[in-house]
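One structure is given below, encoded as C-alpha cells.
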Protein chains: 2
Amino acid sequence: MRIRIIELNRIRDPELNRISAYCSGNASPEWGIAMSGKRSPARRPTMKDIARHAGVSQSAVSFALNGRPGVSDDTRERVRQVAEELGWRPSTAARALSGEGAATVGFVLARPADTLGVDSFFLQLVSGIQEVLAERHLGLLFQVVEDIAGECAVYRRWWAEHRVDGVLVVDPRTDDPRPGLLDELGLPAVVIGGAPDDRHPGLSTVWADDAGAMASVVDGLYALGHRRIVHIAGLPGLAHTERRVRTLRAEAGRRGLSEVKSVTTDYSDAEGAAVTRRVLEGPTPPTALIYDNDVMAVAGAAAASELGFSVPADVSVVSWEDSALCRMVKPWLSALSRDSVEFGRTAARELTALLDGGSARAVRVPVPRLIPRQSTGAARTP
Amino acid sequence: MRIRIIELNRIRDPELNRISAYCSGNASPEWGIAMSGKRSPARRPTMKDIARHAGVSQSAVSFALNGRPGVSDDTRERVRQVAEELGWRPSTAARALSGEGAATVGFVLARPADTLGVDSFFLQLVSGIQEVLAERHLGLLFQVVEDIAGECAVYRRWWAEHRVDGVLVVDPRTDDPRPGLLDELGLPAVVIGGAPDDRHPGLSTVWADDAGAMASVVDGLYALGHRRIVHIAGLPGLAHTERRVRTLRAEAGRRGLSEVKSVTTDYSDAEGAAVTRRVLEGPTPPTALIYDNDVMAVAGAAAASELGFSVPADVSVVSWEDSALCRMVKPWLSALSRDSVEFGRTAARELTALLDGGSARAVRVPVPRLIPRQSTGAARTP
DNA sequence: TTTAGTGACTAATGCGCATTAGGATCATCG
DNA sequence: CGATGATCCTAATGCGCATTAGTCACTAAA
C-alpha cells in the first residue's frame with residue numbers, strides 16, 4: 001500500500017528520496033519490492049484498522065484504549081483485544097502532535113569525544129534512568145556534545161523540534177547557564193548532582209551530600225593521624241568539585257591544619273599521576289591523597305609507588321568513586337561508594353513526577369559510604 | 001494560549017494530568033501561571049507564525065524552507081529570515097506524521113544493569129555515532145535492556161510506535177534473532193561487529209577482521225617462541241568471539257600446536273582472574289595469554305603476578321582492547337588497538353546511507369593493530 | 001404524553017507539516 | 001488577440017491520534 005504510493009511519488013519527483021527510508025530495509029534499490037515476490041515489510045496498524053476490525057468508530061477506539069468514558073465495557077474489552085491482536089501501539093508522533101508530549105526524555109553529555117574514557121559512572125547512571133523510564137514507555141534521547149554551549153544549543157533544538165518532554169542535566173557548574181535556559185524554555189528538568197538552587201524553583205535536583213562525605217573522609221584520615229592531605233579534585237567549574245573543595249578547606253580550618261589543599265584537574269589518569277608526582281616530590285609530601293575519581297586514584301597510586309612511596313605505609317589513598325578498577329590494582333583502593341544505578345533511578349523518578357505535573361523538589365541521595373580497603377592506614381609518625 | 005486550554009481541560013476532567021507536563025517546568029502546582037506575574041514559557045513557533053510574519057501562505061513557507069520550487073527567490077529568502085528570527089525548527093512529530101520518518105535512530109544495549117562495568121568501548125562507539133548523526137540532526141534513542149528477547153521487544157515497540165527510522169545493532173550472535181526480526185519489520189539496520197551475512201541482504205554490516213587480527217597475534221607470539229597459548233575469550237554466543245575462537249583453532253592446527261585453546265567467559269574481571277588462575281595452576285601452564293578485553297587482561301595479569309608468574313618473563317599477556325587501563329598497571333599491557341570512535345562513525349554513516357535509500361553493504365574497518373608494550377616478550381625456553 | 005436525562009456511539013476538528021490541486025498574473029507565440 | 005505556458009501563490013487534504021460536538025435510542029420523571 002505504502003509502497004505503491006512511494007512509487008508514484010518516485011515517478012513524479014525523482015529527487016525526492018527521503019521517503020525511501022521507509023522501505024530501504026529490505027527493498028532492492030530498484031523499487032521492485034511490490035512486484036517482486038519478496039514479502040513487503042509489515043505495515044503499522046493504526047486505530048483506523050482497529051476500528052474496522054472491531055466494527056466501531058475511531059473515536060470509540062480512542063475512548064476504549066485510553067480508559068475514557070463513552071463506551072460500554074463490552075466494546076472496550078473487544079477493542080482492547082483487537083488492538084492486542086494487531087500489535088497496535090500508539091504512534092508517538094501522532095500523540096505528540098495532538099498535545100500529549102513526545103514521550104521522550106533527553107540526556108546530554110557534554111565532553112569532548114576523546115575524553116570519554118574508562119568511566120563506569122555514566123553508563124550505570126543511564127542504566128538506572130532507563131529502568132524507570134522503560135516502565136513508562138518513555139524513550140531516552142541521548143546526545144554527546146563538546147561543551148556547555150553545545151548542550152544549550154541541543155536543548156533549544158529539542159525544545160523547538162518538540163522532541164523531548166523533559167531533560168536530565170548532569171555535571172552542573174557554578175554559574176551554569178543551563179538552569180536558566182531550561183526555565184525560560186519551560187522544559188521540565190532534573191539536575192543531577194547539583195545542590196538545591198533557589199533561583200530556579202522549577203527545576204528538581206537530585207544530589208549527594210558531598211560536603212558530608214568529605215567531612216567524614218577528613219574525619220577518618222584525621223583519626224588515623226593524617227595532617228597533610230591533598231585532594232586531587234576534578235574539573236574546577238563543577239558544582240560538586242566546588243562543594244568538596246570548600247568543605248575540605250572548612251574542615252582544615254576547623255582543625256587548624258595548614259597543609260591541606262585541593263588541586264583541580266581534568267579527571268584524566270595523566271593529570272592524576274602528574275599532580276601526584278608534583279605534590280609527593282615537594283618538601284613536605286602529604287600523607288594522604290583523596291582523588292575525585294577512580295581513574296585518577298589508580299594512576300596516582302601507581303605514580304606514588306614509582307616514586308618509592310609505599311601505599312599505605314607512606315601515603316594513604318582514597319578514591320571518590322568505587323568501581324571494579326579499585327579492586328584491580330594492588331593494594332586495593334579504599335573508596336567512597338555510591339549506587340550510581342540507584343542515583344539514575346531516583347533522578348528519572350523525579351523527572352517523571354515533574355512530567356506528571358508534580359512540583360519541583362530537591363532530593364538528597366544517601367551519603368556515599370567509605371569502603372576501607374588496603375590503601376588507607378595510619379599516618380607514619382614523622 | 002495553550003495554558004488557558006489546559007485550564008479548561010483541567011476543569012472538565014480533573015484526572016487528566018498528562019498534558020500538564022507542558023508547563024510543569026516553571027508552573028506552580030496551582031495552575032496559576034497565566035494569572036501570576038511569572039513569565040509563561042516561550043511558545044514554539046510554527047510555520048503558521050512564519051507565514052503570518054512573512055505575509056504568505058503556509059504552503060509557501062513549506063516550499064521555501066524545504067527548497068521546493070514554487071516560490072520566488074525573494075520570498076524564499078524572506079521566509080528563511082523570518083524562520084531564523086523566530087528560531088523555528090520543524091516539529092519532528094509533525095514531520096514524522098506526514099511521512100518523513102522520525103529523524104531518530106535507535107541503539108539498544110542488551111546487558112544486565114550490574115554488568116555495566118568499566119567499559120570505554122560503548123561510550124566511545126556511541127560518541128562516534130553521535131558525531132555523524134548530529135550533523136544531520138538525527139536523534140539517538142538509547143535503551144538498556146536485560147537480554148536479546150528484551151531487545152527484540154524494544155525493536156517491535158519502536159517500530160509500532162513509529163519512533164525510529166533505523167537501528168544500530170551491537171553484539172551480534174551466532175544464530176541471532178535480531179536480523180530476521182528487523183528484516184521482517186522493514187527497519188533499516190546496521191549490524192556492528194557482525195560478519196557479512198547473506199541471509200539478510202537488507203542489513204548493512206560494519207565489522208573488524210577478527211580472524212586476521214587473531215592470526216597476526218598468534219603469528220607474533222609464535223615468533224617469540226610461544227607454543228602454549230590460552231585465549232580467555234568473551235561471551236560464547238557472540239559472533240566475534242566465535243570468529244576469534246575458530247581462527248585460533250585453525251592457526252594452532254596449521255602449526256601443529258596442541259596446547260592452544262580458548263576459554264569463554266562473561267568478560268568480567270572476576271572471571272578473567274579465575275580462568276587465569278585455573279590455567280596457570282595446571283600441569284603445563286601456558287606461556288601466553290590473550291584476553292578478549294582490557295578488564296580481564298588487567299585482572300588476569302594481576303592474578304598471574306599473585307601466583308608468582310612474572311609478566312612477561314613467565315607469561316606474556318595481550319589485551320584485545322586498548323584503553324587507559326592498559327597503561328594504568330605495571331607492566332603496561334600490550335594491546336590490540338582499534339579506533340572505537342571511528343568505528344561508531346562508520347556505522348552511523350552506513351545507517352544514514354541506508355536511510356537515504358542506499359543499498360545495504362558490508363564495510364570492513366581496519367584490522368586492529370597490536371601495540372607492543374611491556375607485557376609481551378620471548379617465551380621462556382623450558 | 002411530553003420533557004429531560006443518560007448511556008453508547010459517530011462525525012468532525014485540530015495538532016504542524018508536506019503535498020497536491022487549483023487559481024491568478026504574467027510573458028510568449030502563432 | 002486569444003491560446004499556451006510559466007511563474008508564484010493559496011486552498012485543501014491527509015498523516016494518526018485526542019477531543020469536542022453532536023446523534024440516536026431508550027428510560028425516568030413531570
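The chains referred to below are lettered A, B, ... by the order of the sequence lines, with proteins before strands, and numbering in each begins at 1.
- For V56(B), taking side-chain heavy atoms from C-beta onward, the closest of the listed nucleotides dC15(C), dT10(C), dT10(D) is dT10(D).
- Remark: T46(A) is not in phosphate contact with dG16(D), judged by side-chain N or O atoms under 4.0 Å from OP1 or OP2.
- To the nearest angstrom, P of dC17(D) lies 10 Å from CG of N66(A).
- Among pairs with a residue in residues 74-90 of chain A, those fulfilling salt bridge (charged side-chain N to carboxylate O under 4.0 Å, His left out) read R89(A)-E161(B), at least two apart in sequence or across chains.
- Heavy-atom distances under 4.0 Å link DNA chain C to no residue of residues 48-55 of chain B.
- Checking dC17(D), dT10(C), dC17(C) against the side-chain heavy atoms of Q58(B) singles out dC17(C) as nearest.
- Across all non-hydrogen atoms, the minimal contact from P90(B) to R95(B) is CG-NH1, 2.9 Å.
- Listed by first then second residue, pairs satisfying salt bridge (charged side-chain N to carboxylate O under 4.0 Å, His left out) with a partner in residues 133-142 of chain A read R136(A)-D356(A), not counting sequence neighbours.
- The interatomic distance linking E161(A) (CD) with dC17(C) (P) rounds to 11 Å, in whole Å.
- Taking CG from L138(A) and OG1 from T104(A), the interatomic distance works out to 7.5 Å, rounded to the nearest 0.5 Å.
- Distances shorter than 4.0 Å separate some side-chain N or O of W88(A) from OP1 or OP2 on dC17(D).
- Between the CG atom of L65(A) and the C1' atom of dC17(D) there is a distance of 11 Å, rounded to whole Å.
- Contact of the V206(B) side chain with the R349(B) side chain is not registered, since no non-hydrogen atoms from C-beta on lie closer than 4.5 Å.
- Interatomic distance, NZ of K48(B) versus OG1 of T46(B), reported as 6.5 Å (0.5 Å rounding).
- For dA18(C), its base never sits under 3.5 Å from the side chain of S59(B) at any donor and acceptor pair.
- Among the protein residues, V61(A) comes within range of no part of the nucleic acid, since none of its heavy atoms lies under 4.0 Å from any strand.
- dG14(D) atom C1' lies 15 Å from atom CZ of R44(A), rounded to whole Å.
- Direction change of the helix axis from one end of the helix from dT1(C)-dA30(D) to dG30(C)-dC1(D) to the other is 70°, with five pairs defining each end axis (rounded to 10°).
- Of the residues in residues 72-87 of chain A, those placing a heavy atom less than 4.0 Å from an atom of DNA chain C are S72(A), T75(A), in numerical order.
- Listed for the Q130(B) side chain is a donor-acceptor partner under 3.5 Å among the backbone atoms of F142(A).
- Heavy atoms only, all atoms of each residue included: G87(A) and A160(B) are closest at O-CB, 4.1 Å.
- R68(A) places its CZ atom 12 Å from the C1' atom of dT20(D), with the value rounded to the nearest Å.
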Sort me out a list of protein N/O and nucleotides 25-27 of chain D N/O pairs below 3.5 Å, or just none if empty.
none

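- Residue order along DNA chain D, read from the 5' end via each residue's closest nucleotide, puts V71(B) first among V71(B) and A94(A).
- When all heavy atoms are compared, the tightest approach of A54(A) to V79(A) is CB-CG2, 4.2 Å.
- Counting only distance, with no hydrogens or angles, the side chain of R345(B) and the backbone of G128(B) share no donor-acceptor pair below 3.5 Å.
- For the pair R95(A) and dA18(D), the criterion of a side-chain N or O lying under 4.0 Å from OP1 or OP2 is met.
- If you measure from atom CZ of F63(B) to atom C1' of dT7(D), you get 13 Å, rounded to the nearest angstrom.
- Rounded to whole Å, the distance from CG on L97(B) to P on dT13(D) is 17 Å.
- We find the CH2-CG distance between W88(A) and D49(A) to be 11.0 Å, quoted to the nearest 0.5 Å.
- Annotation: side chain of L187(B) is in contact with side chain of V167(B) (closest heavy-atom distance under 4.5 Å).
- The nearest pair of heavy atoms linking A102(A) to D165(A) is N-OD1, 2.6 Å.
- Regarding R163(B), its CZ atom lies at a distance of 14 Å from the P atom of dC17(D), rounded to whole Å.
- T346(A) pairs with exactly one of V363(A), I129(A), L351(A) by the side-chain contact (heavy atoms from CB on, under 4.5 Å) rule, that one being V363(A).
- Using a 4.0 Å heavy-atom distance criterion, S62(B) is classed as a base contact.
- Checked by atom type and distance alone, the side chain of R361(A) never pairs as donor or acceptor with a backbone atom of E350(A) at under 3.5 Å.
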